[in-house]
Each structure stands twice: as C-alpha cells, then as structure tokens.
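Data first, discussion second: the structure below is written as structure tokens.
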Amino acid sequence: MKKIIEDINEAAADAFEKAGYDRKYARVTLSNRPDLAEYQCNGALAAAKEYHKAPIMIAESVVEEMKKSAIFSSVEAVKPGFINITVTPDYVASYLEKMSHDDELSVNKTTDPKTIIIDYGGANVAKPLHVGHLRSAVIGEAIKRMERRLGNKVIGDVHLGDWGLQMGLIITELQERQPDLPYFDESYTGEYPEEAPFTISELEEIYPCASGKSKTDDSYKARALEATAELQRGRRGYRALWKHIMNVSLADLHKNYSRLNVSFDLWKGESDAQPYIAPMVEKMKKDGYAYMDQGALIVDVAEPDDKKEVPPCMILKSDGASLYTTTDLATIVQREEDYHPDEIIYVVDKRQEMHFIQTFRCARKCGIVGPDMKFTFIGFGTMNGKDGKPFKTREGGVMRLETLIKDIDDEMYKKIVENRSVRDKDAEETAEVVGLSALKYGDLQNQASKDYIFDIDRFTSFEGNTGPYILYTIVRIKSILNKYAEETGIAPDEAGGKIIAASSDAEKKLMLQAGRYNEALEDACAEYAPHRVCAYIYELANDFNSFYHDTKILSEENEERKNSWISEIRLVKDILEDAIDVLGFSAPDRM
RNA sequence: GCGCCUGUAGCUCAGGGGAUAGAGCAACGGUUUCCGGUACCGUGUGGCGGGGGUUCGAAUCCCUCUAGGCGCGCCA
C-alpha cells in the first residue's frame with residue numbers, strides 16, 4: 001500500500017509544479033508543531049534562493065494549488081514560509097479501512113528481495129551465555145525479523161566459537177581429571193561411548209578452571225596448545241571428545257536461546273570454516289595479495305584517504321597458525337559458496353569495528369566477494385549497571401544470562417501476583433512472557449550503538465516506555481474485544497465494521513499514528529534501527545490509551561460508530577502485535 | 001602518540017538543518033455512573049559539554065578545546 005506520506009508528498013509535488021516550482025522542493029514531513037498542523041512542508045524556504053522570491057510568496061502560491069486536493073482539510077502558508085497541512089478525517093478513515101483488510105497491515109514487501117546473512121549471537125561452545133551475549137542476540141534477532149518482514153530472504157547464523165585454544169584447554173583438563181577415558185588412549189581403536197563423560201554444568205566449570213591454570217602454569221598451557229593442534233590435525237579420540245563437547249553445549253545453547261525467543265537458521269561455527277582456509281590462503285598468495293612480513297603472512301588493506309593508519313590484515317601467524325581474521329575470511333568464502341548473499345550483516349560489539357573494517361577490505365581486495373556484496377557492521381555498545389560501569393553480579397563477576405532472565409521473571413512475577421484478578425497458575429507463565437518483553441524492550445529501545453544502563457526496576461515497570469506497558473495496552477484491547485464478543489456473540493476476529501471518520505482529536509491522532517505503521521517500519525529497517533520501532537509503538541500505545549480514556553466504546557449506541565471503533569482498536573492491536581513480533585517478543589492474553 | 005565514539009532536563013533516553021528542543025521516571029495536583037486507574041489529564045524543570053565558524057535558519061554541518069569510554073599486526 002502506498003504510504004500516507006507518499007499521498008501527501010505527491011499532492012504537494014503536483015502543487016509545486018503547477019505553481020511553477022520544481023517538484024523536488026515538495027518534501028513533506030510530520031509537523032513538529034502538532035498544535036498547528038499534522039504535516040508540514042518546508043520546501044518554500046528552500047526554494048526561495050533558486051527563485052529569488054520571498055519564501056512566503058512561494059508558499060502562498062503553492063498553498064493555492066494544494067487546496068484543490070481532496071485529501072486536505074486545511075493547507076496554510078505561515079510566517080517565514082512554512083506550509084502547514086491537515087488531512088481530512090475521511091481520507092484517514094478510508095486509509096485505515098483499506099489497511100484493516102490488508103494482511104500485511106499496509107507494509108510493502110520489497111519488490112527486489114535480497115539474500116541476507118546475519119551473523120549474530122556469537123556464543124562460545126562450552127562457555128555459558130552471559131550478559132555480553134544478550135545484546136547481540138536481541139538486536140540481531142530484531143534486525144533479522146525486520147528484514148524478513150519486508151520480504152527479504154534472511155539467514156541467521158549463530159557463528160559459534162567452537163575452535164581453537166579453548167577446546168585444547170578443556171581436553172587437557174579432562175585428561176587431568178579422568179585420565180583413563182579411552183579418548184586419551186592413542187592405541188584405542190574401538191567405538192567411543194555415546195554418552196558424554198561430562199554434563200553441561202561440569203563443562204561450564206571445567207573451562208574457567210583450565211583457563212585459570214593455563215595462565216599460571218606454562219607446562220599446562222603447552223599441553224593445551226598441543227592438544228589444540230592435535231585436535232585440528234584430526235586425532236581420533238580428540239575429535240570424538242570435541243563432538244561430545246559440541247553436543248552437550250549445543251543442547252544447552254538451544255535451550256537458552258529459545259528462552260530468549262531467538263532462533264538461528266544456521267549453527268555454523270569457526271570449525272566449519274577450517275577446510276576453506278588452506279585454499280583461500282593459497283589463492284591470496286598466488287594472486288599476489290598476501291606476502292610475508294616479519295615472518296607472518298599479511299595483506300595490506302590501508303587506503304590512501306584513511307585518516308588513521310589501518311594495519312594490514314594478518315592471515316597467518318609466524319608459526320603458521322591461523323587467526324580470528326583468517327577464520328572470518330574463510331567463513332565469508334563459505335557463505336559465498338553456499339548462499340551468494342547480497343549482504344552480510346554482523347551484529348557485534350562495537351569495539352571490534354577495526355577488525356571488521358580490515359576483514360571487509362581484505363575480502364573485497366582479494367576477490368572473495370564481488371563489489372556488489374554489501375558488508376554491514378552493526379556495532380553495539382555495552383550494557384552497564386546503574387553505576388554506569390559494565391554490568392556485573394553483586395560479587396563483581398560476569399553474570400550468566402540465565403541468572404539475569406530469572407531475576408527479571410521473579411520481579412515480574414511479584415508484580416503480576418499483586419494483581420488479584422490473575423489466577424496463580426497462569427502467573428508464572430505470564431511472568432516469563434512479560435519478563436521477556438521487559439528485557440528485550442529495555443535493550444531495543446536504546447540506539448544499538450550506544451552503551452545503556454540496565455535498570456531492572458525501570459524495565460519491569462508497567463509505566464513509561466517499557467515492554468510491559470506495551471503489552472498492557474495490547475491486553476487491554478484484547479479484553480475489550482473479548483467483552484464485545486461475550487455481549488454480541490461475534491468472535492473478536494469478525495467483529496467490527498467499516499471504519500468511519502474520527503469523532504474526536506484523540507481518535508484522529510490515533511488513526512494517523514496507526515496509518516504510519518508502514519512508514520515507521522520501513523524507516524527503522526532502512527537504518528537497522530529497532531529502537532525506531534519501539535518509539536513508534538510506544539507512541540501508538542499512548543495514543544490508544546488517551547483515546548480509550550475518553551471514549552466509551554462498548555456502551556456506544558450508534559452502531560456504525562461502535563463497529564468502526566471496534567475495527568480500529570483491532571487494527572491497533574494487530575499493529576502492536578505485529579511490531580512486537582518483529583522485535584522478538586509476544587503478548588499474553590491476560591496479565 | 002594516533003584514531004573512533006559519546007557528552008541534550010535531577011535521573012534514563014529520543015530528536016541528526018527549520019517555527020516555542022521532546023518523552024518517561026522522580027515531584028506535585030487532578031480524573032473512576034469504571035470496556036483492566038499497572039490507566040488518563042495537568043504543573044515545573046534544560047537551550048542541547050565550552051568556544052569559534054558556515055547558513056535566511058544549527059542539538060543537528062565544519063573547526064577547535066574539554067571530559068569520559070574504546071581501539072591501535074602474531075588474542076578472539
């Protein structure tokens with residue numbers, strides 16, 4: 001569906017043209033003086049220079065033309081040269097009427113769907129998810145759904161950290177503890193047990209233990225490095241152990257991510273990229289991009305107009321081992337081969353930006369991707385505690401994601417139980433649904449690139465710009481619709497009638513905001529900015545609540561009016577639910 | 001040292017060339033013949049870290065200073 005703003009823009013552009021000015025000046029925006037108008041056009045001010053006329057003269061002649069359009073109830077030229085625009089209630093009503101019958105809620109699917117790989121999550125095998133993983137998961141999931149909502153083909157990849165020294169460390173520590181396991185016996189040729197010799201909680205304890213030892217004990221570290229190398233060379237017992245580690249850990253990761261309502265299409269990891277490294281390196285050498293420098297193999301990626309020095313990309317260390325960059329490049333090779341993506345989006349801590357600049361440049365320079373493949377780096381800031389410093393447990397350690405989620409759910413449960421109308425057996429489940437909205441909305445409402453302060457009291461509040469407030473609004477609408485269904489016997493899905501012109505300012509405001517959904521979503525998506533979706537639905541929820549407050553819907557005697565209202569609030573509910581689904585959470589039926 | 005990012009009401013954050021800079025929280029005061037008052041309405045608060053510049057017009061663009069955060073080839 002064409003956007004409201006496009007209808008207005010077009011009418012304005014026609015008016016500029018008829019008045020003798022270039023159409024390009026007819027840019028219409030939401031009014032920043034809502035007391036004066038709904039939309040505004042500042043084009044006359046901009047055009048003044050080119051036409052050597054007073055802006056107000058231009059504005060007035062354009063206004064004369066615009067007044068001929070049927071969609072405006074008022075068009076005015078004011079002071080220096082603003083054009084203030086108000087649309088007719090009938091126009092808005094007919095727009096919403098069309099929208100309410102559109103399965104896409106007026107959102108336009110792209111005519112040119114792109115294949116997009118989105119790399120987020122960044123979980124490490126054998127290490128529990130902690131709060132540092134939260135932002136990547138939450139923001140990445142939202143962006144994935146936003147792109148999908150607009151019709152792109154999006155492939156989410158968790159890109160596991162499943163290769164390298166951490167594996168060697170675990171193997172070493174395991175041997176320390178259970179030396180008799182067959183995995184360590186090189187002469188063993190039989191089948192290895194199907195059951196892993198450890199549980200997830202043991203695994204989670206083993207890694208930090210091993211990591212600690214390796215820092216103080218050099219011979220221990222040497223053994224871990226050797227184990228890593230042997231694993232990579234394919235030692236049978238170690239590969240079998242690695243598989244166990246993967247299985248146990250993946251099951252746990254699946255569980256935790258699904259609790260966050262985050263799901264990946266691909267569970268690829270660094271290990272999957274390994275086979276691509278050798279041929280990639282060979283090609284880089286053969287093509288003359290990679291060369292030896294101080295014993296390491298590097299590719300220059302500096303560009304002449306860099307403001308700062310961009311260090312070369314290191315492909316192989318002087319001992320011949322590969323690095324982070326190498327694996328990331330090989331992953332790109334693999335993705336090119338498997339999916340030929342139009343774009344790869346990385347949702348990663350912003351501190352890694354330099355690394356990705358290097359990687360992207362190197363991939364392009366070496367021809368791993370073509371010039372049209374778009375790399376997008378979305379760097380997010382740190383989640384801080386109330387003291388403004390990186391979020392920690394009370395004891396000062398890294399907080400596990402599970403703990404954080406539980407804290408929020410507990411808080412939510414307390415608040416829900418205070419409401420006597422909810423039955424206890426539902427309360428726990430509801431607390432989880434509402435808790436997730438608190439957690440995710442609390443994060444997503446901020447610009448991704450900035451640090452933000454995690455404040456459990458604020459995020460779980462039903463007041464203000466929070467997830468629970470949005471859900472409350474949805475639940476409230478559902479409640480009205482259910483009541484209506486009880487009274488009339490008409491199912492909520494079929495209730496309502498034709499949407500007619502607004503009967504109050506509050507209603508018109510609500511209708512205009514609802515009609516902007518396509519615009520809001522497309523803008524947010526173009527900027528990879530979930531916080532814009534949050535801002536939009538917050539305003540929509542506010543507009544609904546003020547409309548609700550002074551409108552008695554169910555007791556309205558004018559049937560046409562009442563049915564229109566029912567349709568409207570159902571549309572508002574549908575929009576809110578569609579939007580929170582895009583953000584990655586959902587609403588309960590009651591709370 | 002070089003480079004990047006951030007600095008907007010007491011607090012948490014929007015706004016990224018245009019008209020009186022906006023929300024929420026906190027504070028205070030109202031609203032219930034009730035479709036969920038975990039709501040709604042109202043009141044006060046800053047001139048956007050400092051300074052200079054471009055522009056008819058700057059929180060928004062440029063320069064500079066300052067404070068804080070972060071990054072800078074053999075970690076990931």
Side-chain angles (χ1 to χ4, degrees), chain A residues 29 31-33 35-36 40 42 45-46 48-49 54-55 78-82 84 122 124 161 163-166 270 293-299 306-325 327-328 349-355 357-358 379 381-382 384 386 388-390 415-416 418-419 421-422 442 445-447 449-453 455 457-459 461-466 468-469 471-473 475-484 487 506 531-532 534-535 538-539 542 545-556 565-566 569 590-591:
Chain A
T29 57
S31 175
N32 45 31
R33 288 293 303 276
D35 53 321
L36 300 179
Q40 66 179 323
N42 302 338
L45 292 159
K49 201 171 222 169
V78 270
K79 277 190 281 184
F82 297 107
N84 281 336
N124 290 305
W163 205 243
L165 183 59
Q166 52 166 332
E270 293 167 344
D293 183 81
Q294 296 171 42
L297 187 72
I298 64 170
V299 174
D306 283 340
K307 278 190 188 158
K308 65 180 157 182
E309 194 193 329
V310 176
C313 232
M314 186 171 292
I315 307 299
L316 294 177
K317 295 198 287 183
S318 42
D319 67 359
S322 59
L323 296 112
Y324 186 28
T325 310
T327 304
D328 273 345
D349 190 306
K350 69 178 173 192
R351 285 173 292 199
Q352 296 194 40
E353 182 160 16
M354 180 51 88
H355 159 74
I357 288 175
Q358 292 177 286
T382 312
N384 290 330
K386 277 190 189 174
K389 295 186 192 136
K415 295 194 179 181
I416 286 170
E418 281 170 21
N419 181 346
S421 69
V422 174
Q445 116 201 64
N446 301 286
Q447 283 183 48
S449 65
K450 289 199 190 178
D451 294 351
Y452 79 104
I453 293 185
D455 181 340
D457 295 323
R458 191 158 65 82
F459 292 175
S461 170
F462 283 69
E463 289 163 44
N465 191 4
T466 69
Y469 173 75
L471 298 196
Y472 173 78
T473 305
V475 167
R476 193 178 222 183
I477 297 175
K478 285 184 179 178
S479 172
I480 299 171
L481 292 173
N482 285 334
K483 190 107 182 186
Y484 179 82
E487 286 175 5
H531 80 279
R532 305 267 300 245
C534 293
Y538 176 56
E539 223 172 289
N542 272 335
N545 279 317
S546 34
F547 161 74
Y548 164 86
H549 184 259
D550 48 37
T551 311
K552 298 278 170 275
I553 297 169
L554 293 182
S555 52
E556 173 64 34
W565 281 339
I566 293 289
I569 67 172
R590 236 177 310 172
M591 57 194 276

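Remember, it's a predicted structure, so these values are computed and weren't measured experimentally. We use all heavy atoms of the structure for the numbers below, so side chains are in, but hydrogens, waters and symmetry mates are not. Chain naming here is simple, since letters A, B, ... match the order of the sequence lines and numbering starts at 1 in each.
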Across the strands shown, which category fits Asn84(A) at heavy-atom distances under 4.0 angstrom: base, sugar-phosphate, nothing?
-> base
Remember a base hit wins even if backbone is also touched, and classify Gln294(A) as base, sugar-phosphate or nothing at under 4.0 Å, heavy atoms.
-> base
Could you please name the partner base of A58(B), counting Watson-Crick and G-U wobble pairs only when both distances are under 3.5 Å?
-> none
P atom, G51(B) versus A9(B): distance in rounded Å?
-> 15 Å
Side chain of Leu323(A) only, please: which of A39(B), C56(B), C74(B) is the nearest?
-> C74(B)
Compare the minimum distances between each of A23(B), C74(B), A39(B) and the side chain of Phe462(A), then state the nucleotide with the smallest one.
-> A39(B)
For G16(B), glycosidic torsion class - syn if within 90° of 0, otherwise anti = syn
Quick one: on RNA chain B, does Val78(A) or Asn465(A) contact a more 5' nucleotide (nearest heavy atom)?
-> Val78(A)
Could you give me the CA-CA distance, side-chain angles and deciding distance for Tyr484(A) and Ile566(A), then say whether side chain to side chain contact (heavy atoms under 4.5 Å, CB included) is met?
-> CA-CA 9 Å; Tyr484(A) 179 82; Ile566(A) 293 289; 3.7 Å; yes
side-chain N/O Asn542(A) vs C40(B) OP1/OP2, d < 4.0 Å | yes
Where each residue is assigned the nucleotide of RNA chain B containing its nearest heavy atom, which of Lys386(A) and Tyr472(A) is assigned the position nearer the 5′ end?
-> Lys386(A)
With no hydrogens and no angle check, do the side chains of Asn84(A) and Ser31(A) hold a donor and an acceptor under 3.5 Å apart?
-> no
Using the P atoms only, state how far U55(B) lies from G44(B), rounded to an integer number of Å.
-> 38 Å
Side-chain atoms of Gln352(A) come closest, of G15(B), G36(B), A76(B), to A76(B)
G49(B): syn or anti, per glycosidic angle within 90° of 0 = anti
Measure from the side chain of Asp293(A), starting at C-beta and using heavy atoms only, and say which of A76(B), G37(B), G73(B) lies closest.
-> G73(B)
Quick one: which of G73(B), A19(B), G36(B) gets closest to the side chain of Ser31(A)?
-> A19(B)
Any idea which heavy atoms bring Phe462(A) and Tyr472(A) closest together, and the distance?
-> CD2-CB, 4.3 Å
Could you check whether Gln445(A) gets within reach of a base, just the sugar-phosphate, or nothing at all, counting any heavy atom under 4.0 Å?
-> nothing
Counting side-chain heavy atoms from C-beta on, which of G73(B), A19(B), C40(B) comes nearest to Ser546(A)?
-> C40(B)
Using the purine O4'-C1'-N9-C4 or pyrimidine O4'-C1'-N1-C2 torsion, is A19(B) syn (within 90° of 0) or anti?
-> anti
Across all strands shown, which nucleotide pairs with C40(B) by Watson-Crick or G-U wobble geometry, both distances under 3.5 Å?
-> G30(B)
Which part of the nucleic acid does Ser479(A) contact within heavy-atom distance under 4.0 Å: base, sugar-phosphate only, or nothing?
-> base
Under 4.0 Å between a side-chain N/O of Tyr469(A) and OP1 or OP2 of C40(B), yes or no?
-> yes
Using the six-membered ring wherever Trp is involved, compare the ring planes of Tyr324(A) and His355(A) and label them parallel, tilted or perpendicular (cut-offs 30° and 60°).
-> parallel
Stacking of Phe82(A) on A19(B) base (centres under 5.5 Å, planes under 30°) | yes
G3(B) - base-pair partner by Watson-Crick or wobble geometry, distances under 3.5 Å = C70(B)
Considering only atom P, compute the distance from A58(B) to C40(B) and round it to an integer number of Å.
-> 36 Å
Value in whole Å for how far the C1' atom of G36(B) lies from CD of Glu463(A) | 14 Å
Can you list the steps and then say if Tyr538(A) with Gln445(A) is a side chain to side chain contact (heavy atoms under 4.5 Å, CB included)?
-> CA-CA 10 Å; Tyr538(A) 176 56; Gln445(A) 116 201 64; over 6 Å; no
So what does Ile453(A) touch, heavy atoms closer than 4.0 Å: a base, only the sugar-phosphate, or nothing?
-> sugar-phosphate
Name the closest nucleotide to the Lys450(A) side chain, picking from G18(B), U6(B), C40(B).
-> U6(B)
Rounded interatomic separation in angstrom, taking CG from Asp349(A) and P from G69(B) = 16 Å
Name the nucleic acid region contacted by Lys79(A), choosing base, sugar-phosphate or nothing; use a 4.0 angstrom heavy-atom cut-off, strictly under.
-> sugar-phosphate
Select base, sugar-phosphate, or nothing to describe what Tyr484(A) touches, counting heavy atoms under 4.0 Å on all strands.
-> nothing
Both distances under 3.5 Å, Watson-Crick or G-U wobble: report the partner of A19(B), or none.
-> none
Does G7(B) sit syn or anti, given that only angles within 90° of 0 count as syn?
-> anti
Check the angle between the aromatic planes of Tyr452(A) and Phe459(A) and answer parallel, tilted or perpendicular using the 30° and 60° thresholds.
-> parallel
Is it true that Asp457(A) and Lys415(A) have a side-chain N and a carboxylate O under 4.0 angstrom from each other?
-> no
Have a look at Asn446(A) and say if it touches a base, only the backbone sugar-phosphate, or nothing, with a 4.0 Å heavy-atom cut-off.
-> sugar-phosphate
Nucleotide paired to C48(B) in any strand shown, Watson-Crick or G-U, under 3.5 Å = none
Arg351(A) side chain, from C-beta outward: closest of G71(B), A19(B), G18(B) | G71(B)
Taking a pair to mean Watson-Crick or G-U wobble geometry with both distances below 3.5 Å, G10(B) pairs with C25(B)
Please state whether the phosphate of A14(B), meaning OP1 or OP2, lies under 4.0 angstrom from any side-chain nitrogen or oxygen of Arg532(A).
-> no
In whole angstroms, how far is the P atom of C75(B) from the CD atom of Gln358(A)?
-> 14 Å
Calculate the interatomic distance between Lys350(A) atom NZ and G69(B) atom P; express it in whole Å.
-> 13 Å
Lys389(A) side chain N/O closer than 4.0 Å to the phosphate oxygens (OP1, OP2) of G69(B)?
-> no
Determine the Euclidean distance between corresponding C1' atoms of A14(B) and U32(B); express it in Å to zero decimal places.
-> 33 Å
